[in-house]
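Encoded as structure tokens, the structure appears first; notes follow it.
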Amino acid sequence: MVRILNVAEKNDAAKTLAGLMSGGRSRKREGFSKFNKIYEFDYNLFNQNCTMSMTSVSGHLLGCEFEASHRKWHSCNPVSLFDAPIHKTCPENYKDIKRTLEREARGCEILVVWTDCDREGENIGFEVIQVCTAVKPNMRVYRARFSEMTPGAVTRAIANLQPPDKNVSDAVDVRQELDLRIGASFTRFQTMRLQKVFPNVLADQLISYGSCQFPTLGFVVERYKQVQAFIPEPFWKIKVSHDLQDDGFIEFSWRRGRLFDYEACLVLYEHVIENPLATVLEVKKKPKSKWRPVALDTVELEKLASRKLRINAKETMKIAEKLYTQGFISYPRTETNIFPKDLNLRNLIQQQVNDQDWGEFAGHILEDGPNPRNGNKTDQAHPPIHPTKYTNGLQGNEKRVYEFVVRHFLACCSKDAQGQETTVDISINDEYFSASGLMIIARNYLDVYPYDKWTGKILPTMEEGAQFTPRTIEMNQGETSAPSLLTEADLISLMDKHGIGTDATHAEHIETIKARLYVGLTNDQKFIPGELGMGLVEGYDAMGFHMSKPHLRAELENDLKLICEGKKNRDVVLADQIRKYKEVFVEACTQAEKIDTALAEHFGAPQQLSNQDLLQATAMAITVKPCSKCGMQMSLRTKKDNKGFFIGCSGYPTCREVIWLPDYVLKAEVTEEVCPHCQPGPVNRIRFQFKRGSVPPFIPNDYTGCIGGCDNNLMETLQIRRSSQSAAQPSQPTSSQRPAASQRPAPSQRPALSQAPPSRRPFYACSKSQDDSSKCNFFLWADNQEPTTQRSNDSGFSTLKYYNNPGGNRTSAITGAGDGSVSCQCGQEGKLLTVQKVGPNQGRQFYACPKPRGQGCNFFQWGDDAAAPTNYTAPRGGGYNASQRGGYQPGLIGGRGGGHAQSNGSTTTAQRAPRKCGQCRQTGHTKKNCPMNR
DNA sequence: GCAAGGTC
């Protein structure tokens, strides 16, 4: 027997459909999800007996999200979210449903999709198809389209199975992707920036952007601005009243309404009172009805509950969903306001006849036969909201909402209220006035629907042709009044009208803008923009981007419709929209100060931050390099105290990889230059400014370099360990691993660099653990190798030779260009001089710039530097004394005779360095008698 | 910590 898997959008629908198709004889069994049962029954399809399994999902089975590399807020520049890869995955709480589908699909040959017949339903259908065909690729797939869940509609649907509509599903994919990309990018940008700019007010505030929430905010702001900008305008009108002693009082209004010209009105008024005799021209009587309410859809439920019950939309929907799951009312998310023909209204009304408040009214409806007043909307899936079961056991707002649904339903099924309207037209000296009255003949639906008021007004009896002198003829002044702020019902109407959100989400968007403090409520429950909401809208408006206007969403909706109809390609629409929004985003970032300025009107002066800080805050700074541990991007950041920099992994705190830059880095800025050598890339070069005198002479104080590993001198200057070292190089040799001096190769035996990859080269480091705060940065190559190669110029010192060894620790190689000379930083040949002054260095030779003092560079090099001391305890930081910032000391490196290097981490005090010269940083003399003062 | 859309 052929097995067919049927999948509906929710368990409730599966149950109903199975009931209808099986004639109430389906068997229920459990799936992996306790909420989504499996209903089985036999059915004759395609002229053969089939076993049907009907199960369900719970709305969307798959969710749209970024890859891990873009999921964290600081993991990337938000602009990259416009292009970052997006995946559809099954969230954890739906895994059980997916497992059920997979298991059932394996045993079935045919899949019939019974999801709701709207756009989202089609897309959910394709999610089901994706999951099922993944385990059963050769499954035949059909779509059942039904206008309502009634026996006739379901029978027609299964007799006319169709292919699923990819176009419609594509439109939803486009919508999902755009919502995610645009929402996430703008939200991150706004939040991260404004939290920094207004830390006192917004430090913990999420400042979201969404394609529905922003236009919703826009409606509130728009109305508020209308109210603010409103200027009352005076007008004048003539009012006539008459008192017919025993027969009552009557008031006539002027047919001209009101005039905004005082003198014009005055002229007419004077004309009227010149001859104030009134003549009754006509007395008209005509029937007047007050229409009963239309069948209830979600939007009306939300609006009416808000207006009549004073329960806000969010709360109403929450209650309605609870009543639905308890079986008291039908599905509350519906756009349909037409009762299906084959829905048995009589039965539903019958259930209510015993209620003490409205039971009698329900009985009367049954006598006359239910006659529902339908609207003109249908979502082709759910009927209007109506009671499905009687209860009198509810309390509080649940009771009020249930009662409203019942009364609305009964009112809708009964009759319009009937009355008679009387109009009396009079003239006074050629000006015309009229009065109207109402007599209610049959209240009908009003008896069960206290939410509508219709009050009669009895006019005194007047005869045509009769004449009388009115008791008063007045010229009154009035003035126009501002529109009122929006009520929740007004707001929902506007959202509905402009296609912002769906019936199921209006209430959520309103709640969102309340929760984000974009709007608030006045005492009489009217919406008023908050400072944040107002500032954001004004900020974007100032840029010329009307982000809060509904047309953006409307344009997208139009495109989505064209995708559904196959008139536009999904990829074209997607690319077009992404491009458009990305351009806006980039421009918004450029002009972000306009948002600051707008908000400053409300929050006071913004925090003064540098561009670098702001870029950093918004994760928009260019990243430095991929993390060697986890592969996520590392970016340049400022330390907490704003003194100094570090390069941190965006995977923090999961990944704690960090490169601390020394204190003598005064400024650092990532450039857009990408290093052509370093891998994995991209590795962006960093523009540094070093403290004067703190770095070796071959590194200028302003220097742009790569920290990816290709620039050995920079790596050493910054004391950066290579990323590969962590994997390939012993981070800290134990004493047993340390080579004894005797074991170390003699210089002549030492391998050339090409034979000894840097990553394999042993070095000494402080033996304290990484977590020990007193651990120092000591670093020393174990072989203390002499220079063997000359490096090509990439930093402007073509005539200088220096180590190509990573971490190479000596500058004693600055021996000139091979001709016995020494060149200084400015390219001049260094001048060999001798220390003349009395002191420890008296008689010692050194090279200096030959230019006159004040014009030359700061180059200084001992002439005998190659003969560096070998028994000197290396100061912290290797070749130059980093811990005593500002001191570059040529030739202070060497291992101790015993082959052990020792960091000074614990011996600083004992080895406290003698006072250094403020000019050359050498010991043994002061700046005053420095040999450089030649 | 982001959106909007389903749904429980």
Side-chain angles (χ1 to χ4, degrees), chain A residues 8-14 33-37 56-66 70-76 78 81-82 84 86 88 90-91 93-94 96-97 115-116 118-128 169 171-195 202-216 298 317-318 320-322 324-326 331-334 379 381-382 495 499-513 515-516 547 552-553 556-557 560 581 585 618-619:
Chain A
E9 190 160 316
K10 49 192 162 285
N11 180 64
D12 189 62
S33 158
K34 64 178 176 180
F35 301 112
N36 302 80
K37 312 293 182 192
S56 58
V57 286
S58 290
H60 280 288
L61 182 61
L62 307 177
C64 218
E65 62 177 3
F66 293 112
H70 289 76
R71 235 172 275 155
K72 290 185 81 72
W73 279 44
H74 283 89
S75 64
C76 62
L81 298 178
F82 285 100
I86 282 178
K88 271 195 163 191
C90 181
N93 54 334
Y94 284 162
D96 285 344
I97 297 175
T115 47
D116 292 354
D118 53 18
R119 225 158 62 184
E120 296 296 329
E122 206 66 25
N123 188 263
I124 294 168
F126 273 88
E127 292 171 3
V128 170
S169 174
V172 174
D173 283 340
V174 169
R175 199 253 326 136
Q176 286 178 338
E177 188 171 333
L178 286 172
D179 283 341
L180 177 62
R181 291 189 189 282
I182 298 166
S185 54
F186 275 92
T187 299
R188 289 187 193 180
F189 161 66
Q190 290 179 173
T191 304
M192 293 192 287
R193 180 184 175 99
L194 295 174
Q195 284 185 347
L202 302 175
D204 301 316
Q205 182 65 36
L206 178 66
I207 305 160
S208 59
Y209 175 84
S211 52
C212 288
Q213 52 179 267
F214 237 57
T216 308
T298 306
M317 288 312 290
K318 195 175 146 198
E321 275 154 24
K322 190 171 174 193
Y324 162 66
T325 52
Q326 291 171 334
Y331 189 64
R333 288 191 283 263
T334 174
D379 60 18
H382 310 101
M495 294 171 77
I500 303 301
T502 69
D503 54 314
T505 59
H506 290 147
E508 287 175 26
H509 298 315
I510 294 172
E511 282 308 298
T512 301
I513 61 171
R516 302 280 147 82
M547 306 290 280
L552 288 174
R553 185 74 183 180
L556 173 62
E557 277 299 321
L560 296 182
Y581 272 95
F585 182 84
T618 46

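Please read these numbers as outputs of a predicted model, since none were measured by experiment.
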Is the phosphate of [N] approached by [X] (side-chain N or O, under 4.0 Å from OP1 or OP2)?
X: A/Arg516; N: B/dG1; value: no
X: A/Gln190; N: B/dC2; value: no
X: A/Ser208; N: B/dC2; value: no
X: A/His509; N: B/dG5; value: yes
X: A/Gln176; N: B/dA3; value: no
X: A/Thr502; N: B/dG6; value: yes
X: A/Arg333; N: B/dG6; value: no
X: A/Tyr331; N: B/dT7; value: yes

### Message
Closest-nucleotide mapping onto DNA chain B: is A/Phe214 or A/Ala203 further toward the 5' terminus? I mean the 5' end.
### Response
A/Ala203
### Query
DNA chain B: A/Asp116 or A/Cys212, which has the more 5' nearest nucleotide?
A/Cys212
Would you give the length of the straight line joining atom [atom1] of [X] to atom [atom2] of [Y], rounded to the nearest 0.5 angstrom?
X: A/Leu61; Y: A/Cys90; atom1: CG; atom2: SG; value: 4.5 Å
X: A/Glu9; Y: A/Ile124; atom1: CD; atom2: CD1; value: 3.5 Å
X: A/Lys10; Y: A/Tyr331; atom1: NZ; atom2: OH; value: 4.0 Å
X: A/Gln176; Y: A/Cys64; atom1: CD; atom2: SG; value: 5.0 Å

Closest nucleotide among [options] to the [X] side chain:
X: A/Glu9; options: B/dA4, B/dG6, B/dA3; answer: B/dG6
X: A/Glu120; options: B/dA3, B/dG5, B/dT7; answer: B/dG5
X: A/Ala504; options: B/dA4, B/dC8, B/dG6; answer: B/dG6
X: A/Thr505; options: B/dA3, B/dG5, B/dC2; answer: B/dG5
X: A/Thr191; options: B/dG1, B/dT7, B/dA4; answer: B/dG1

For the pair made of [atom1] in [X] and [atom2] in [N], what is the distance, rounded to whole Å?
X: A/Asp503; N: B/dT7; atom1: CG; atom2: C1'; answer: 13 Å
X: A/His60; N: B/dA4; atom1: NE2; atom2: P; answer: 14 Å
X: A/Ile97; N: B/dC8; atom1: CD1; atom2: P; answer: 9 Å
X: A/Arg188; N: B/dA3; atom1: CZ; atom2: P; answer: 11 Å
X: A/Arg71; N: B/dA3; atom1: CZ; atom2: P; answer: 16 Å
X: A/Glu508; N: B/dC8; atom1: CD; atom2: C1'; answer: 13 Å
X: A/Leu202; N: B/dC2; atom1: CG; atom2: P; answer: 16 Å
X: A/Glu177; N: B/dA3; atom1: CD; atom2: P; answer: 17 Å

### Any donor-acceptor N/O pair under 3.5 Å between B/dC8 base and A/Tyr94 side chain
yes
### Query
Is any side-chain N or O of A/Gln195 under 3.5 Å from a base N or O of B/dG1, one able to act as donor and the other as acceptor?
yes
Select base, sugar-phosphate, or nothing to describe what [X] touches, counting heavy atoms under 4.0 Å on all strands.
X: A/Gly501; result: sugar-phosphate
X: A/Thr187; result: sugar-phosphate
X: A/Gln213; result: sugar-phosphate
X: A/Phe186; result: nothing

#### Entry: Centroid distance under 5.5 Å and plane angle under 30°, A/Trp73 vs B/dG1
yes
### Task
Using distance alone, with no hydrogens and no angle criterion, decide if A/Ser169 and A/Asn123 have a side-chain donor and acceptor under 3.5 Å apart.
yes
### Query
Taking NZ, NE, NH1 and NH2 as the nitrogens, is one of them in A/Asp179 or A/Arg553 under 4.0 Å from a carboxylate oxygen of the other?
yes
### Query
Between A/Phe82 and A/Phe585, is the gap from one ring center to the other below 6.0 Å?
yes
